[in-house]
Every structure is written in C-alpha cells, then in structure tokens.
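I have placed the structure first, in the form of structure tokens, so that the comments after it can refer back to it.
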Amino acid sequence: MNRFSLAVSGGIARVTEAALGPYQTAVIRIGFSATWLLFLLRELPHRRELYGPDGPWSWDLAQQLIASNGSFTALMWSDGRVWFEIVYALAVLSSGLLMLGWRTRTMSVLFMVGVLSLQNRSVFMGDGGDNVLHLMSIYLVFTRCAQVWSLDARRAVRERAARARGERVTDRTGPALWGVLGAVLVAVTLVGRLQGDWLIPALLWTVWVAQALWWLVGRRAGTGEPRILLDVIGNVVHNGALLVIMAEACLIYATAGWYKVQGSRWQDGTAVYYPLHLEYFSPWPALADLLSASGTMVMLVTYGTVLVQVAFPFTLFNRRVKNVLLAVMMTEHAVIAVVLGLPFFSLAMIAADAVFLPTGFLRRLGGRAARARDRLTRRGGRVSLPGQRARENPGAEHVGSGA
C-alpha cells in the first residue's frame, strides 16, 4: 500500500511540477504552424476562390451550413472582400509568429482563429491533413509550447538575467496585445457575432481572462504562492493537452488501420496500386508506374501500411519498437508527399508523429541546428566586414545566441 501511495504521489508531483515534453510540444508548434503557413502562401493567388467571395461555395451557402452546425468562423462576420483579406493576412502573420515563438500564448489563439475561420468557411477544401490541423490548432492553445526553441524562451532568459543584475523588467507589448484583442473580443460579443457553438467563444474569453490574471498575480502579488498555484494549473492543463494530442495521433492511426483491414483491396494486397494510377494523385506518372510495376512490392507496401498503423498504438510501451515504427511512418508520409502529391497532408501527419520523438534525439537535433546557425552567423560577420581582422573576443560571437 505504501508503494502504491508513493507511486501515486510521485505521479501527481510529476504532472504538477513541470510542463512535460517541452521539446516535443515545440516541434509540433513549429510543425503545424509551418504547415499552415506554407499552405496559405502556396494558395495566396487562389485564396479568393478557395475561401473568399469568388469561391463556388458562396457566402450564403456557408452561412446556412454554419447556422446548422454551429461552427466558428470570423469570415461570417462580413461578406466584404476587405474583411476577407484582413482575416487571411492575420492567419498568415499569426502562423509565422507562432512558428518563431513570439508571444506564443496570444499567437496560438490567433492561429486557432485563423485555421477555424478559413476551414469552416469552405469545408470541402482540404486533403485530410486539414482535419488534423483543425484539431491540433485547438489543442495547442492549452499547451506551454514555447519553453524551448522560441523567441519567448530567449526573452525569458534575458529577463531572468536582468532581474539577477537588479534591473527592473517591464513588459509593455504583452499588455498592449491583451488590451487590443480584448477590445475586439468585447466588441464582437456585444454585436452578437459570437454565435453558434459555445466552445470557441468560451475558450477565447477564458484565455483572455487567464492572461489578465497571470499578469496581475505576477505584478501585484506580495508572495509567491499565487504564482505557484497558477504555475501548477498551467502545468496540469499543458500535460493534459499533451496527453490528448498523443491520444489523438494514436486514434488516427488505429481507426485508419482497422478500417483498412475491413476493405477487400487491402485484404488482397492491391489497395496501394489504385491511387498510384489516379490522375489526381499522380503528379509524377513515371514514378508511379515504376513503383507499381512490381506486384510483390505493391503487396508488401499494402500489408505493411496496415500493419504499421494497427500496431503503432501498442508499441508505445516499448521504446525501441516505437522509434522504429515512428521512423517508418514518417518515411511513408514523406513518400506520400512526393508520389501522391499530398505535401500538406504529409507535413501535418509528420508534425503529429513528432510528439512521440525521443527527447535525446530532439536535443541533439537542436544542438546541431544551433551550431549550424552559429557558423552561418560567424561566416556572415566575416563577409559583411571583409577588411576587419578577427581581433574580437571569441566568446563574443555567441552573445545572445542562446535559448
């Protein structure tokens, strides 16, 4: 009984004391925001036909659908072309800033608003990856995904160093963002635009109030207990959201695998052959013909796909087997991106898979990226000042490059 109590207390301490998976959540933040940003930039010339006033799915049809299913989209607040361009530009901007990790809490909310607004405006646009992005944009709001590899983490390091030197640190950008977005939220609520399902409006208000409470406690509290309590709540919410993201990824693979098992083409080992010869999924016909030329290869890929998808959720209990299957699935999605011409679906799934990547691997990857950045920085410094001798302190080259 004592051993059980110790295990329970240890688990509670682990969940409440820290936000788990800082590198994993940073990777999925970067992955999903980059996927959405690349999609928006690629479709920039066609944005009005896909989600705007020039599309076949008209504003009236979208309004009727949203009235029936209660979905959230800011594009239904006005049918004007200017408003559409504003929403699209904000979606692009928030995606880029979230990827960089600047004011991540605010940008994650704006990122979610951008994803939901565009996708719910035209529900028939997408290739499957949009469903994953739709869900993950909501889950990211609950995570503390800027602990590493973000501008927020770098700013936090500098602020701690300044406080250690006895300097006073004042944040003006955060309260200004909170005030502007709060005014918009109040105005939209008063004019009755936040209609439909209650979830997204409630989430927007909750995050806005929580931001104010966090700032007030950090600014006004005389003792550390209120801040510690908020940290514990934030850690529990983050860890719960991380568990949901992992469960969602497992559910996607499990349902996909078990549905495939029931299909006759998957049972006889020929399912992979057919999409390779559909014109819509054949950007490289010669490559598709080469891959489908061998019946044995088609059968192995078909059965292997089903086996990997069904088995993956059960391999989480064995780290080595899980890592092997994870590499196989990421490779499979990379092949799908090239062979079937589904890059954004593959990027979304790879980003979802990244939540299971080992921390040691991500740390080594981050270290290599940092060293590559430092080499480029030093090389750029030499190019910009060709006549200057390297008389500076060698350690000065790394000032400000941490975090």
Side-chain angles (χ1 to χ4, degrees), residues 18-39 94-105 107-109 111-112 115 129-154 156-157 234-235 237-253 312-313 315-316 319 322-334 336-337 343-373 402-403:
L20 303 177
Y23 293 94
Q24 286 80 2
T25 50
V27 167
I28 61 176
R29 182 200 85 229
I30 296 170
F32 284 115
S33 58
T35 300
W36 185 237
L37 177 62
L38 291 174
F39 175 79
S94 62
S95 300
L97 293 178
L98 180 63
M99 182 177 64
L100 296 175
W102 184 81
R103 303 292 171 175
T104 312
R105 179 64 61 199
M107 290 305 123
S108 65
V109 176
F111 175 74
M112 177 194 69
V115 170
D130 57 315
N131 295 325
V132 180
L133 189 62
H134 191 106
L135 294 171
M136 295 301 178
S137 68
I138 300 175
Y139 300 152
L140 278 175
V141 175
F142 296 94
T143 63
R144 307 178 85 168
C145 54
Q147 300 176 87
V148 296
W149 299 343
S150 67
L151 296 179
D152 286 349
R154 175 176 293 187
V157 170
N235 292 335
V237 172
H238 165 92
N239 295 329
L242 184 60
L243 179 62
V244 170
I245 291 173
M246 297 171 69
E248 186 70 41
C250 290
L251 184 63
I252 291 172
Y253 283 116
F312 178 73
T315 64
L316 298 181
R319 182 175 301 177
K322 181 262 295 182
N323 291 340
V324 171
L325 286 189
L326 195 59
V328 171
M329 290 191 302
M330 287 185 169
T331 303
E332 179 186 6
H333 288 306
I336 290 174
F344 300 109
F345 165 78
S346 298
L347 284 174
M349 291 307 303
I350 290 174
D353 294 341
V355 73
F356 299 105
L357 288 174
T359 301
F361 169 77
L362 292 176
R363 280 181 160 176
R364 290 192 297 271
L365 185 64
R368 291 176 181 177
R371 288 192 293 271
R373 178 197 61 195

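Computation of the quantities below employed the complete heavy-atom set of this structure, encompassing side-chain atoms and omitting hydrogens, waters and symmetry-equivalent molecules.
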Taking all atoms of both residues into account, what is the closest heavy-atom pair of Thr331 and Ala327, and its distance? OG1-O, 2.8 Å

Cut-off 3.5 Å, no hydrogens considered: what does the side-chain donor-acceptor table look like for residues 241-250, sequence neighbours left out?
unit_1, atom_1, unit_2, atom_2, d
Glu248, OE1, Tyr139, OH, 3.1

Between Asp130 and Val115, is there a donor-acceptor pair closer than 3.5 Å when you use the side chain of the first and the backbone of the second? no

Distance (rounded to the nearest 0.5 Å) between Ser150 OG and Arg29 CZ: 5.0 Å

Evaluate the side chain to side chain contact (heavy atoms under 4.5 Å, CB included) criterion for residues Thr25 and Trp149: first the C-alpha distance (whole Å), next the side-chain angles of each, then the deciding distance (0.1 Å), finally the verdict. CA-CA 10 Å; Thr25 50; Trp149 299 343; over 6 Å; no

Test of understanding: with side-chain contact (heavy atoms from CB on, under 4.5 Å), list the residues that count as partners of Arg364, not counting sequence neighbours. Phe361

Has Arg363 got a side-chain atom pairing as donor or acceptor with Pro358's backbone, closer than 3.5 angstrom? no

Using modelled atom types and a 3.5 Å cut-off, is there a donor and acceptor pairing between side-chain atoms of Ser346 and backbone atoms of Ala337? yes

Identify the two heavy atoms, one from Ala352 and one from Val132, that lie closest to each other, and give their separation to 0.1 Å. CB-CG1, 4.4 Å

Should the pair His333 and Phe345 be assigned to parallel (<30°), tilted (30 to 60°) or perpendicular (>60°) ring geometry? perpendicular

What distance do Lys322 atom NZ and Met329 atom CE have between them, rounded to the nearest 0.5 Å? 9.5 Å

Heavy-atom closest contact (Met330 atom, Asp353 atom, distance): CE-CB, 3.7 Å

Given 3.5 Å as the limit, does a donor-acceptor pair link the side chain of Arg144 with the main chain of Val237, or not? no

Separation between CG (Leu100) and OG (Ser95), nearest 0.5 Å, reads 11.0 Å

Supply the atom-to-atom distance Asp152 CG to Trp102 CH2, rounded to the nearest 0.5 angstrom. 9.0 Å

Look up atom CD1 in Ile350 and atom CG in Leu357, then write down how far apart they are to the nearest 0.5 Å. 10.5 Å

Please confirm whether Trp36 and Phe344 have ring centers closer than 6.0 angstrom. no

Show your reasoning for whether side chain to side chain contact (heavy atoms under 4.5 Å, CB included) applies to Leu365 and Tyr23. CA-CA 10 Å; Leu365 185 64; Tyr23 293 94; over 6 Å; no

OG1 of Thr35 to CE of Met349: how many Å apart, nearest 0.5 Å? 11.5 Å

Using the side chain to side chain contact (heavy atoms under 4.5 Å, CB included) rule, take Phe111 and Leu133 through it: C-alpha gap first, then chi angles, then the decisive distance, then the call. CA-CA 11 Å; Phe111 175 74; Leu133 189 62; 4.1 Å; yes

Going through the distances and angles, do Leu362 and Gln24 end up as a side chain to side chain contact (heavy atoms under 4.5 Å, CB included)? CA-CA 8 Å; Leu362 292 176; Gln24 286 80 2; 3.9 Å; yes

Scanning both residues in full, the closest heavy-atom pair of Ala153 with Ala146 reads CB-O, 3.6 Å

Do you know the tightest heavy-atom contact between Ala351 and Ile28? O-CG2, 3.2 Å

Which heavy atom in Met107 sits nearest to a heavy atom in Ser94, and how many Å separate them? SD-CA, 4.1 Å

